[in-house]
Every structure is written in structure tokens, then in C-alpha cells.
Amino acid sequence: MDKTDYILRSLTKTSKKRWEHYAVTRIYHLLNDPDIEFVCQQCVRKENGKIYLADLFFPQLELYLEIDEGHHNSEQSQIDDAKRRMDITEATGFLEKRIPASEISLEIFDRYINEFIELIRNRKNRMIKDKKFKEWDYDNKYTARPHLKAGRISVGPDAVFRYHRDALNCFGYNKGHHQSGGWSIPSHISEAMGLSGKCMVWFPKLYGNSDWGNELTDDGNKIIERNIKDDEGYTERWDKRIVMAHSRDELNRTLYRFLGVFEAIPGHHTGNILEFHRVSTSVNVYPPNDLSLIHI
């Protein structure tokens, strides 16, 4: 999927909500700024597992918008909205703005939209002045390139990849597509990265499936790996696992998200159920010999 496909699919996601669809498309077209990333129905997950969907999300600007249609008017809905606002703000630190869309004329609604667009432009200009604004680089967003440039990869919204090979390019991988659940990092590379012992890149599905019943704790600090089919289990043979977890984004695309470096917990490293704890939320990277092999 290229940037054009992403934009077209995103703008159709809200088509069943009339006011929200009108607001999102009007903001996108009037803003007319290809350097600003936007996400419709951005999933925000709290540490306790609760999930919210923000109507329109601007990750670079640390800003999101909610459109309050008629169902938001009740007293209970207002209480729920206040809790939702607190939870999303706590999880992201982002500023929330709301636009009412009930018992309102289109003229007044447009006025609110114009004010929001002005807010977007002001935040962008302020970030440019402070040298904090990064242009929306869709083509490289899901590749190893930004992490190789930084020299490290850290847990966060930008540590996500389209394919196994994109993630593995952070660790000296020089080949094409990769499909197995893990890749052994050559010892000379792991040593250059500052990692001791035998290391691998792991691509787990952290939910139930036919062979495994893996899960990630709410705080993101522990992975429990359950082998469903093998009664005898096995013994962990890796000293460290760099975890790239299978996930899906707001457009239901499969992506691989960096969750950190994990080690087996002593006493829980053999059998049918293994447990791993996170020892770092970042790791050094190691570029491939031929940077032209990094796919975009």
C-alpha cells in the first residue's frame, strides 16, 4: 500500500458517520498539507487493556479530534467522554479538541472546523520554529531507515514494520522476504550491538492461535509463551530475544511492532509455559552491508 492508497482508504473509514466523515474530509482538503500525518479511528490502548478509538489523530502534532454527534449529549455520555479523555491523555499525552455535531448548523460546524485547522497550523509552525517537526515520510515510516539513521530502535509509535525483512534490516539482515517465527542474529553482529550471549529476533503472535497461546501482560513487561501442541515442552536456548510482535493497524494491515529486548525468567525457562521479562525498551542497530537492500 502506498501513501495514496493509505489516504483514500482512511477517508472512507468514516463514511457511515455523516458528521464525522464531513469533518475529516473537510479538514484534510482545507489543510492541504502532505507533510502532516493523519490517522482516522486511531486505536489507543491503556496499560489495563482498555481500547479507545480517537476520531482523527495527528501523531506528529500530539493532537487528536473528537466529533460529538447526538449520542454524546446525555449526562452519562458526558461522564464517559470525560473518562475517555482522561484515559487517552494519560496514555498519549496528546491534546484533545472536540467539535459538537448535534443541533448545529453547517455554517457553525464549518467555523469550528476552521478554528481546528488554524490550531493544527499553529502547532506545526511552533514545532518547526523549535526544530521538533518531522515531515510525514510514509515511504520510509515502516522501514529500517529511520532507525539506522538514529543508531537505535526504541519502543514507541514509530517502531513498527510492514514485513519481517524490514525489521531484520535493523540487525544486518541482507536477504529477501523472511517468514519463520524467529531469526538468529550472527554473534559478531550481536556483539557489535552490545548484546551478550545468543540473540534472536522473535516475531510472536501475542494471542491465542493453533500452536501457541502467547500473551503480553498489560504493562508490556512480561510475555508468557504457551506451547499448546507439545506436551513435553522445551528449554529456552536464547539469552536474549528482540521482540517484533505481530499486530494490526487502524486499516487492518499486518505489522510488526518492536516491544523491547526480553530474557527468559529463571525458573520459567523450560517446559510448556515459558515466561520472559523485558530488560530494555531500546537496542542498538546494525546496518546491512548493502543499504540498497532496505526495501521501501
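Note that the numbering runs from 1 along the sequence shown for the chain.
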*Side chains of I67 and T14 in contact at under 4.5 Å (non-hydrogen atoms)*: no

*Taking C-beta and beyond as the side chain, do R152 and V285 meet within less than 4.5 Å on heavy atoms?*
no

*Less than 4.5 Å apart, any side-chain heavy atom of F171 and any of L195?*
no

*Please work out which of the three classes, parallel, tilted or perpendicular, describes the rings of F203 and H178, given edges at 30° and 60°.*
tilted

*Are the aromatic rings of F262 and H277 close, with centres under 6.0 Å apart?*
no

*Under 4.5 Å between any side-chain heavy atoms of W19 and D68, yes or no?*
no

*Kindly write out the residues that satisfy side-chain hydrogen bond (donor to acceptor under 3.5 Å, both in side chains) with S196, not counting sequence neighbours, or none if the list is empty.*
K240

*Determine whether Y256 and L168 make a side-chain contact, defined as any pair of heavy atoms from C-beta on separated by less than 4.5 Å.*
no

*May I have the step-by-step check of side chain to side chain donor-acceptor pair (under 3.5 Å) for Y163 and N169, ending in yes or no?*
CA-CA 10 Å; Y163 304 107; N169 283 154; over 6 Å; no

*asked:* Test of understanding: clusters of I, L, V, M, F, W, Y form through side-chain heavy atoms closer than 4.5 Å, transitively. Do I265 and V243 belong to the same one?
replied: no

*Centroid-to-centroid, F276 to W238, below 6.0 Å?*
no

*Of all heavy-atom pairs between G182 and M200, which one has the smallest distance, and what is that distance?*
CA-CE, 3.6 Å

_Taking transitive links into account, so neighbours of neighbours count too, which hydrophobic residues share a cluster with I224 at under 4.5 Å side-chain distance?_
I273

*asked:* Any non-hydrogen side-chain atom of N114 less than 4.5 Å from a side-chain atom of L30?
replied: yes

*Where is the tightest heavy-atom contact between A144 and C170, given as atom of each residue plus distance?*
CB-SG, 3.6 Å

